Enquirer: 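Dropping a structure here in structure tokens format, bear with me for questions.
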Amino acid sequence: MLIFVLVTAITVLSVFAIERGEAQRDAADVARKAQAMTSAIERRAYTSSAYLRAGAALLSTQDEITPELFRRFVSELRLDANYRGAEGIGWAPVVTAAELPEFEARLSRSRVEEQRVSPTLAEQPRDMLTPILYLQPDTVRNRRALGYDMYSEPIRRAAMDLAGANDRPTASGPIVLQQEGDSEAAGFLIYMPVFEGLSSTRELKGFIYSPFNASQFLSSASELVSYEAVGARLLDTDATAEVAIAHSNSWIEGRPTITRELSLANRSMLLEVQSAREEGLSAMSMITLLFGLAVASLLMLVARLLTQQTLEDRRAISWFEEQNSIRNSLTRELNHRVKNTLANVLSIVSLTRRRSQDLDEFAEGLDGRIRALSATHDLLTQSEWGTTPIRSVVEVELAPYARDQDHSLDLVGPHTELAPNDALSLGLAIHELATNAAKFGSLSVPGGEVAVHWSQVNDTLAKIEWIESKGPPVDKPRRRGFGTDLIEKIVAHELRHPVELDFCPEGVRCTLLVPVREPSEFELRRKGPAAVGR
């Protein structure tokens, strides 16, 4: 996870650096395009103003401005692509209310139906009018504007008054052109005053002007510099509040913009330009991000596999160490038990040899005792050399007499588990007592009884009593036999407690004290199947 987080962090930082570079490059590109568009708009406005100045110079020298003269003048200008965005060039003479009938007759002269000036004097009484007389090119759209008194509208009137006072081309504020009909598309006009004569007392003759659709004007300026990856908006700042008069189709509200001031025919305006690039990560950032995440995931997977392999190797090493420890413990335990068994066998052989009168007696005694030792070994093997119940040890040694109907066996005691070595010693003692009883005691005559009772003195000691009855009278032996030595010496030594052996007249009685030990004191450390399998 640390590797994944580290590589992911590096990837995110790389993406951030790429995006920051892209943003800086985009901002520089937008600034450059904003400057180019500002120059294009001012150049276009200057071209329009130059055409209007030329027209004003021509019309000021003419006594009468006829349709043919105005049409020829506009056609001779040979308007090219630099004049795109404009609706054309028009002429609006200054007339008084008294001259209005003559103007309307002149306006209707070239029309199929009579045309009136709008708004009428009845609708809006006024002394001075500047109705549109000519507008070239002569199109259906431009004919909608003919006869409209521009001086009747405040924004147009303010621009004409300013143009007349300064004698220079002057742009109006945002208005809706008469050519738009029912549309609300914003536009503006550039006026150039035309005066009668050249004296200081010259009289205002009218205005030559150009109407502009603001969106088309802005679009033509954008096309002039061939910038498609930006959005632009034109705002009029000479009004009481900034008013957006046009914006491109790619304009998106809320995005950062680059602002440039410009002068459009003696009117201050603002051009705002923004990047039209789609929001989101760039292609390089996406590639870097995907590649970084892929590398981070791959490294995390490899690290996880290596970690798992290391853990598996560590568990395997631990398992082998445990197996080796168990093997060493088993070897030591086996050696110990073999030595104990051989020591017992040697003691049995030695004592049997010293107490035997002939070879047959030696062989018979040795065979019985070895078999008793083997029987107890079999019992311990079945319990995997774990703890063995006292009852099982007693039963296996008295098994040859349990099926004899002439004798009675009474085995009574609680369930008590003994350690392997203690069970072997107890088995030898029971075997010697049973062999002696079979030869001389209760098990040698019909009706004889043997009782083996055991109980726990405390948590660490068990008491076992051997009691013979209903057998022949017992005399105290004149000499010690092998069984007596085996019980009182070997068994007592192995059990670490003295053995009480009494030859009572009514039968032999023997009391043994056997340790009861916890498995942890003698048992090898065991592992469950899951641990061994692992």
Side-chain angles (χ1 to χ4, degrees), residues 41 44-45 47-56 58-59 62 65-93 95 103-119 129-153 155-156 159-160 169 171-172 174-192 194 206-224 234 245-246 249 264-265:
I41 292 173
R44 179 148 295 177
T47 301
S48 299
S49 298
Y51 287 151
L52 294 179
R53 287 180 182 273
L58 173 64
L59 298 181
Q62 302 298 315
I65 302 174
T66 63
E68 292 77 12
L69 173 65
F70 190 78
R71 188 183 305 113
R72 187 169 63 253
F73 162 70
V74 175
S75 63
E76 289 294 332
L77 290 177
R78 303 186 183 278
L79 303 177
D80 56 13
N82 287 335
Y83 210 69
R84 289 180 58 189
E87 300 287 338
I89 297 179
W91 165 246
V95 297
F103 176 84
E104 290 179 342
R106 188 177 176 185
L107 182 63
S108 303
R109 194 172 301 158
S110 58
R111 301 288 178 258
V112 176
E113 58 184 15
E114 184 177 356
Q115 193 160 358
R116 312 283 293 181
V117 171
S118 63
L129 298 86
T130 55
I132 301 173
L133 181 59
Y134 307 128
L135 184 57
Q136 292 292 327
D138 186 15
T139 63
V140 174
R141 175 179 170 83
N142 282 341
R143 288 174 187 171
R144 295 176 185 164
L146 295 179
Y148 176 70
D149 178 18
M150 295 185 290
Y151 207 72
S152 63
E153 196 272 321
I155 296 178
R156 291 176 173 86
M160 286 188 285
S172 71
I175 49 92
V176 177
L177 300 177
Q178 288 296 110
Q179 291 92 319
E180 300 296 343
D182 296 332
S183 174
E184 297 294 328
F188 63 93
L189 304 103
I190 298 179
Y191 292 100
M192 179 64 195
V194 177
F207 293 90
I208 186 172
Y209 75 100
S210 286
F212 293 87
N213 179 285
S215 295
Q216 293 179 5
F217 178 78
L218 182 61
S219 175
S220 64
S222 300
E223 292 174 1
L224 188 63
L234 192 62
I245 62 175
N249 294 331
L264 197 155

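No experiment lies behind these values; they were computed from the predicted model shown.
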Enquirer: So which atom in Ala171 and which in Ala159 form the shortest heavy-atom distance, rounded to 0.1 Å?
Expert: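 Heavy atoms of Ala171 and Ala159 come nearest at O-CB, 4.0 Å.
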Enquirer: If you take all heavy atoms of Leu177 and Pro211, which pair is closest and at what distance?
Expert: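 So the minimum-distance heavy-atom pair works out to CD2-CB, 3.9 Å.
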Enquirer: Using modelled atom types only, decide if a donor and an acceptor are shared between the side chain of Ser108 and the backbone of Gln115 within a distance under 3.5 Å.
Expert: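 Looks like yes, one N/O pair under 3.5 Å.
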Enquirer: Applying side chain to side chain contact (heavy atoms under 4.5 Å, CB included), can you list everything that pairs with Pro119, at least two apart in sequence or on another chain?
Expert: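 Applying side chain to side chain contact (heavy atoms under 4.5 Å, CB included) to Pro119 gives Glu123, Gln124, Arg126, Tyr148, Asp149, Ser152.
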Enquirer: Does any N or O in the side chain of Ser219 come within less than 3.5 Å of the main-chain N or O of Ser215, such that one atom is a donor and the other an acceptor?
Expert: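 Between the backbone of Ser215 and the side chain of Ser219 there is no qualifying donor-acceptor contact (under 3.5 Å).
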Enquirer: Output all residues satisfying salt bridge (charged side-chain N to carboxylate O under 4.0 Å, His left out) with Arg53, sequence neighbours left out; order by chain, then residue number.
Expert: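 Once residues adjacent in sequence are excluded, Arg53 has no partner under the salt bridge (charged side-chain N to carboxylate O under 4.0 Å, His left out) criterion.
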Enquirer: Going by side chain to side chain contact (heavy atoms under 4.5 Å, CB included), name the residues that satisfy it together with Glu184, two or more places apart in sequence or in a different chain.
Expert: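 Checked Glu184 against side chain to side chain contact (heavy atoms under 4.5 Å, CB included); matches are Val176.
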Enquirer: Please find the pair of heavy atoms, one from Tyr191 and one from Tyr209, that lie closest to each other, and give the distance.
Expert: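 Result for this residue pair: CD2-CB, 3.7 Å.
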Enquirer: Which residues pass the side-chain hydrogen bond (donor to acceptor under 3.5 Å, both in side chains) test with Arg144, sequence neighbours left out?
Expert: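 None.
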Enquirer: Which residues satisfy the side chain to side chain contact (heavy atoms under 4.5 Å, CB included) test with Ala45, sequence neighbours excluded?
Expert: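 Once residues adjacent in sequence are excluded, the partners of Ala45 under the side chain to side chain contact (heavy atoms under 4.5 Å, CB included) criterion are Leu264.
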Enquirer: Measure the CD1-OG distance between Ile89 and Ser48 for me, rounded to the nearest 0.5 Å.
Expert: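 Separation between the atoms: 8.0 Å.
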Enquirer: Which value, rounded to the nearest 0.5 Å, describes the distance between Phe217 atom CZ and Leu234 atom CG?
Expert: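 Atom-to-atom, Phe217:CZ and Leu234:CG are 7.5 Å apart.
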Enquirer: Of all residues at least two apart in sequence or in a different chain, which pass the ring pair (Phe, Tyr, Trp, His ring centres under 6.0 Å) check with Phe70?
Expert: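 With neighbours one apart ignored, the set is Tyr134.
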Enquirer: For the pair Thr130 (side chain) and Pro93 (backbone), establish whether a donor and an acceptor sit closer than 3.5 Å, ignoring hydrogens and angles.
Expert: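 No.
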Enquirer: Minimum heavy-atom separation for Gly147 and Leu107, please, with both atom names.
Expert: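 Closest approach of Gly147 to Leu107: CA-CD2, 3.6 Å.
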Enquirer: Could you measure the distance from the CZ atom of Arg156 to the CZ atom of Phe207? Nearest 0.5 Å is fine.
Expert: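 It is 13.5 Å, given to the nearest 0.5 Å.
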Enquirer: Provide the closest heavy-atom pair for Gly55 versus Phe73 in the form atom of the first, atom of the second, distance.
Expert: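 Residues Gly55 and Phe73, closest heavy atoms: CA-CZ, 3.1 Å.
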Enquirer: Return the CD to CZ distance between Gln136 and Arg72, rounded to the nearest 0.5 Å.
Expert: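 Gln136 atom CD to Arg72 atom CZ measures 12.0 Å (nearest 0.5 Å).
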Enquirer: Taking all non-hydrogen atoms of both residues into account, name the closest pair between Leu52 and Ile190 and its distance.
Expert: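 Residues Leu52 and Ile190, closest heavy atoms: CD1-O, 3.4 Å.
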Enquirer: If you measure from CG on Leu189 to CE on Met160, what distance do you get to the nearest 0.5 Å?
Expert: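 The CE atom of Met160 is 8.5 Å from CG of Leu189, to the nearest 0.5 Å.
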Enquirer: Name all residues meeting the side-chain hydrogen bond (donor to acceptor under 3.5 Å, both in side chains) criterion together with Gln178; count only those two or more places apart in sequence or in a different chain, and write none if there are none.
Expert: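 With neighbours one apart ignored, the set is empty.
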Enquirer: Check salt bridge (charged side-chain N to carboxylate O under 4.0 Å, His left out) between Arg141 and all other residues, then give those that pass, not counting sequence neighbours.
Expert: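 Counting only residues at least two positions away or on another chain, Arg141 forms a salt bridge (charged side-chain N to carboxylate O under 4.0 Å, His left out) with Glu87, Glu180.
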Enquirer: Quick check for you: to the nearest 0.5 Å, what is the distance between Leu59 atom CG and Trp91 atom CH2?
Expert: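 Nearest 0.5 Å value for the CG-CH2 distance: 5.5 Å.
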